Amino acid sequence: MTQPFRTMAGGRVNRDRPVRFGFDGRSYEGYAGDTLASALLANDVHLVGRSFKYHRPRGILSAGPEEPNALVTIDRGPGRVTPNLRATGIELYDGLMARSQNRFPSLRFDLGAMAGLASPLISAGFYYKSFMWPASFWRRVYEPLIRRAAGLGKAPETADPDRYLHRYAHCDVLIVGGGPAGLAAALGASATGARVILCDEQAELGGSLLDEPGVTIDGWPAPDWVREAIATLGGSVTLLPRTTAFGWYPGNMIGLLERVTDHLPEPAGTLPRERLWQVRAERVVLATGAIERPLVFPGNDRPGVMLAGSARTYLHRYGVKVGGRIAIATDNDSAYRAATDLHAAGIDIAGIVDSRTSAGGEAVEAARSLGISIRTGLTIAGTEGRMRVHSAKLSNGTDIIPCDTILMSGGWTPTVHLFSQSRGQLVFDGESGTYLPSEGAVGACAGVFDLAACLRDGTEAGGSEPRIFAVAGMPAMAPSRTPDGTRPHRSAFVDFQNDVTTKDLAIAAAEGFVSIEHVKRYTTAGMATDQGKTSNLNALATVAALTGQGMESVGLTTFRPPYTPVTFGAFAGAARGALFAPVRLPPIAVAGAVLEDVGTWKRARCYPVANETTEAATLRECLAVRNEAGMLDASTLGKIEVAGPDAAAFLSLIYTGDFTTLAIGRCRYAVLAGEDGFIRDDGIVARLAADRFHVTTTTGGAAFVLHHMEDYLQTEFPGLRVWLTSITEQWAVIAVQGPRSADTLARFIPDIDLGSMPHMSVREGHIGDIKLRLFRVSFTGEAGFELNVPPDQAQRIWDTLNQHDVTPYGTDAMHVLRAEKGYIIVGQDTDGTVTPDDAGLAWTIAGGDFVGRRSLSLPEMTRADRKQLVGLLPTDPAMVLDEGAQIVGEGRGESLGHVTSSYFSATLGRGFALGLIAGGRARIGATLSVPMPRGDITVTVGDPVLVDKPSQRLKARPIQPVAAEPLLPPQAWLAPTCRPAASVRLTVLAPTTRLAIRAGGPAATGIGLASGVLLPTVPNRSVFARDRAALWLGPDEWLIVAPDDAADLQAEALKAAVGHPVSVVDVSHATRTFELAGSAAAWCLNAFCALDLDQAAFPVGMCTRTLLAKAPVVLWRVAGDLFHLDVARSYVPYVWDCLEQFRLELTDVVVNET
Amino acid sequence: MLRIPCPWCGPRPENEFRYGGQAGLIRPANPAAVSDAGWGGYLYLRANPRGRHVERWRHLHGCGRFFTCVRDTVTDRIASTHKPGEAVP
């Protein structure tokens, strides 16, 4: 007979939909609506696991998230194996495959149970006592043995193929728990029009009401009232079933875990398995209910021993009888309801044992009137039965009750975990012997167990006037109370999941552990995956009794997130694989290039041809630059436009040099030091106009330098009229270097005389028909140029130059070439402890004050034995030192320093290195030693400049005039094509004109007049005028957006028209604009953006910089369901992929409109 | 994730901000006139209070502005935020 313990009728399972499932290889039948636990019980399966330490047979204790015993592994195929799931929370589906855990070879015959015989050896503190010696045995012998014997399920071994998503949400009221108090709170909050989120971990809302078909509320049977109540909730209420509030973080940020597909037999691939919500709530209502406590008696852990309230749940909710002959042990009234209900279902109640000396009241009398034997003043003193309990021995020492199930109730513990996590004040309630939240809780969580009171309090907690509901059919019950003051039984289980007994607690007490936090850690009580949901109060009461203290003075241990375990996948969300971090690609792509990570960018290390190795390619590329011409994609360099009347003075404060003397059209190498005097970054400062500079930074330092400059500008030098605009992505950079570079470039650059352009100068002109900002600079030691061009045109120029035998070279060759010339790389040859003088850059230091100057005169900073940058030549020319290798003097003395850069030089035909060596410049000519595993390597200290010390090669030389040649034709930029979905259409818009404005108040007004669109003064708002708009981005910062052909919006012309100092920078090429349109646009953005995008919080016209996942963006609500998202070019693929992750879920595909 | 009230943009999630350390440190107008010990203190000596802490934050992924924030280092609660130049209570 299938499902022998299923009732004939009743329950909320669908008896028309039988479901087949497997447990430990055997096939069973249950019904849709079952949990794995209820279906197993319907099939009379109580033995479901082995305990953590002693491998004792264990059964299903509860019907909810508190379950400590019934942990199983669900196997959905490779990578989809989830261990340690509570059978009480697993919804049954057709084909579900579950396995028991921590047993070998089988659940019924488990060799590990031998551990039970050795239990005296592995009681509290056994790790510390039994395995002390020898120390080396711990890691190799004891720990592996213990780990194998004790444990839970196995972690999956292959990568998780499922998708997980995050979601940010905001609400006025977050209600945790969908039971009577929570639903009433939702009714109360909904009536006020508030934005409400109600979450409940169960598949069906209703909580304990689903167990009460005999109770009516306003005339409705309780389960039907749930349905009616939900139907009356307004549209501002979001209901989230199957969603656990697992953590309460600062600022009312609540973490929710929504299980989206675990209950489906065949989940659609487009759905995420789980969704992690980060909800920012103005107010949180905790309606988390209460958890029933087990009684602490010997043998209280045998399969068949369950919580009394859970037996009612199995009966009323699932139509399952938990046994055939049931003994009940209790210390409160609530278990009597289980007795009467199970009796009514035809189950033999073998007797009730009540530890109270007398019992009375409505619930008790109802049981008594059925003729059920009630014995007061007694407890259970022991149980028998190996794989299933078969009898209970009473504390009078004589009576034995034969039974197949024991139900126990030790009263109810309010579920205060989240409140405790919020750092709320828990107050001991002497009446119930439990801890209660001081505020914010309602219903059983607040210690209120009367249904009518829960409902009334709920509506009030929701924000409405308290509403009275007519409740009938619920017997009056005296509140339960945690027992204290009695000596506990000699050995009974307190914490089932971690196998902690009263004896362990007694050992801890005897050994002098006083603080409950210490007792917890010494005995591990409450430290298992169930976080002591059923055990904390009992452990506390036991410790109180053992130490003769009151429960309130023992105190409660701190609850920590998560409430129930959360998968790693949910925490990671979409941020895995390609979306783990943004991958920024430069505008030039070359097939076959070998890429490396530099900061957040991917850059080409080298460009191998045919079957070349990277080493061979690098040697070839170096020689091409030294002898002919090469080109490097240097687009990733940071670039900042520094504008304003005081720009030169400001740069002279930020960098070590004096830029007031820099002529227009000239460049200067610049070193940036921190206030501590150490090198932080370097770059080129180019003066475009008296009040305008183009400053470059290192690739990795771009964000830091801009932040650093803004810091000083805003806080230390606010009087300076200077504004900064990042132009990193506005300009692509191709460095063309080598003796032939000027001759080749001259064929394409008609309006700049390259031959007369001196080293360290800048000109503006054209390459072909493309706007060009041309630098004559060198990071190779060769004469060379850096072409700054709009990024859309960079590939075309690159390909043209490639056809004219300009050899592409990558970062590897760049590193070698610059090191040969003694140019440093910040972060490689410096490490945050190197001063300009240490690096041989004292020549960059000018006269006046600058950030870091004072520190350079501190005594430590001027010592002669500071580490200084020198060149190192291995005696063996074929030798290439290891970077990071230590350098010592004669013999094996103290380290003098280390190798910072080391390469093989094709130019020199030998290995060479740069290094930081104590008093290095005074050691030039000396022989030092680099000790390595294969023997010492001798090196000679020398000058760091090995190629062209007098810099003859950098000098400009006249070139022969040549006929102009055309560039290759431009390539259209291909916008990614969008998967159609009506609820969110995603488009990348064609480029438009975008001007970054930075100005003070009067100038802002002037810009408004000159540009035809007033600059908004209200933060985060935009102004439209004709075809253009102005967006407020900061108190002195705006973005003007206009069509591509807005000819009147030229940066310099606009500036000239204003008459006040102002910065106007064309940033049209720096970003692409995404358009998100459709009813789900805001919903889509909130998968990755933490802002509140409700129309009330983020109205039409609002604009702001923010983060979308890990990408900085400008978000602008153009219309109710229309957002524009400005994304820096290099982040376009990342942001696109992020948004597509969400859109995968959308199936409402647009049908062709024709 | 903290929610930080930017004095210009209103409450925003913490990931838009960047911490800027103790507030109220003023770079000496003439660093050359500061003693070595005094300069060392300016560089490295910072308050580490338990409780009220006046500190700088920058709304990096927002309006870009530095501002002053009064935060309790025990509870993480933010009492108030202020634009530069505003009096901090």
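Being a predicted model, the structure only gives us computed values, none of them experimental. In what follows, every chain begins at residue 1, and chains take the letters A, B, ... in the order their sequences are listed.
- Contact detail for B:R56 and A:T715: the closest heavy-atom pair is NH1-CG2, 3.3 Å.
- Considering only heavy-atom pairs separated by less than 4.5 Å from chain B, the leading option among A:S855, A:P1019, A:S857, A:P250 is A:S855.
- By the 4.0 Å N-to-carboxylate-O rule, B:R65 lies close enough to A:D1036 to be salt-bridged with it.
- Taking both residues in full, the closest heavy atoms of A:Q714 and B:G64 are given as NE2-O, 3.0 Å, listed atom of the first, atom of the second, then distance.
- No more than 12 heavy atoms of other residues, nucleotides or ligands sit less than 6.0 Å from atom CD of A:Q425.
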Quiz: residues 1107-1114 of chain A side-chain donor-acceptor pairs under 3.5 angstrom, not counting sequence neighbours:
unit_1  : atom_1 : unit_2 : atom_2 : d
A:K1110 : NZ     : A:F580 : O      : 2.6

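- For A:F704, the ring pair (Phe, Tyr, Trp, His ring centres under 6.0 Å) test picks out A:H708, with sequence neighbours left out.
- Chain B forms more heavy-atom pairs under 4.5 Å with one residue of A:E1037, A:R853, A:E710 than with any other, namely A:E710.
- Distance check: B:D76 CG to A:Y249 OH gives 14.0 Å after rounding to the nearest 0.5 Å.
- Looking at A:R854, its side chain does come within 3.5 Å of a backbone N or O of B:P31 through a donor-acceptor pair.
- Interface residues of residues 77-89 of chain B toward chain A, defined by a heavy-atom distance below 4.5 Å: none.
- For CG of B:N30, the number of neighbouring non-hydrogen atoms (other residues, nucleotides, ligands) closer than 6.0 Å is greater than 12.
- Listed options A:A703, A:G674, A:G251, A:P1035 were ranked by heavy-atom pairs under 4.5 angstrom with chain B; first place goes to A:P1035.
- A salt bridge is absent between A:D711 and B:R18; no separation between the charged side-chain nitrogens and carboxylate oxygens falls under 4.0 Å.
- For a residue to count as touching a neighbouring chain, one of its non-hydrogen atoms must lie under 4.5 Å from one of that chain's; by this rule B:S35 touches chain A with the backbone only.
- Here CG of A:L858 is found 7.0 Å from CG of B:L43. Values are rounded to the nearest 0.5 Å.
- A:D849 approaches B:R27 most closely through the heavy-atom pair OD2-NH1, 2.9 Å.
- Salt-bridge formation is detected for the pair A:E282/B:R3: a Lys NZ or Arg NE/NH1/NH2 atom is positioned less than 4.0 Å from an Asp or Glu carboxylate oxygen.
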Which pairs would a plain distance check flag for residues 7-14 of chain B, meaning a side-chain donor or acceptor within less than 3.5 Å of a matching protein atom at least two apart in sequence or in another chain?
unit_1 : atom_1 : unit_2  : atom_2 : d
B:R12  : NH1    : A:T1104 : OG1    : 3.1
B:R12  : NH1    : B:E16   : OE1    : 3.0
B:R12  : NH1    : B:E16   : OE2    : 3.4
B:R12  : NH2    : A:T1104 : OG1    : 2.9
B:E14  : OE1    : B:L2    : N      : 2.6

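- The contact between A:M1102 and chain B is made entirely by side chain atoms (from C-beta outward), counting heavy-atom distances below 4.5 Å.
- The greatest number of non-hydrogen atom pairs below 4.5 Å with chain B, out of A:E716, A:Q278, A:R280, is found for A:R280.
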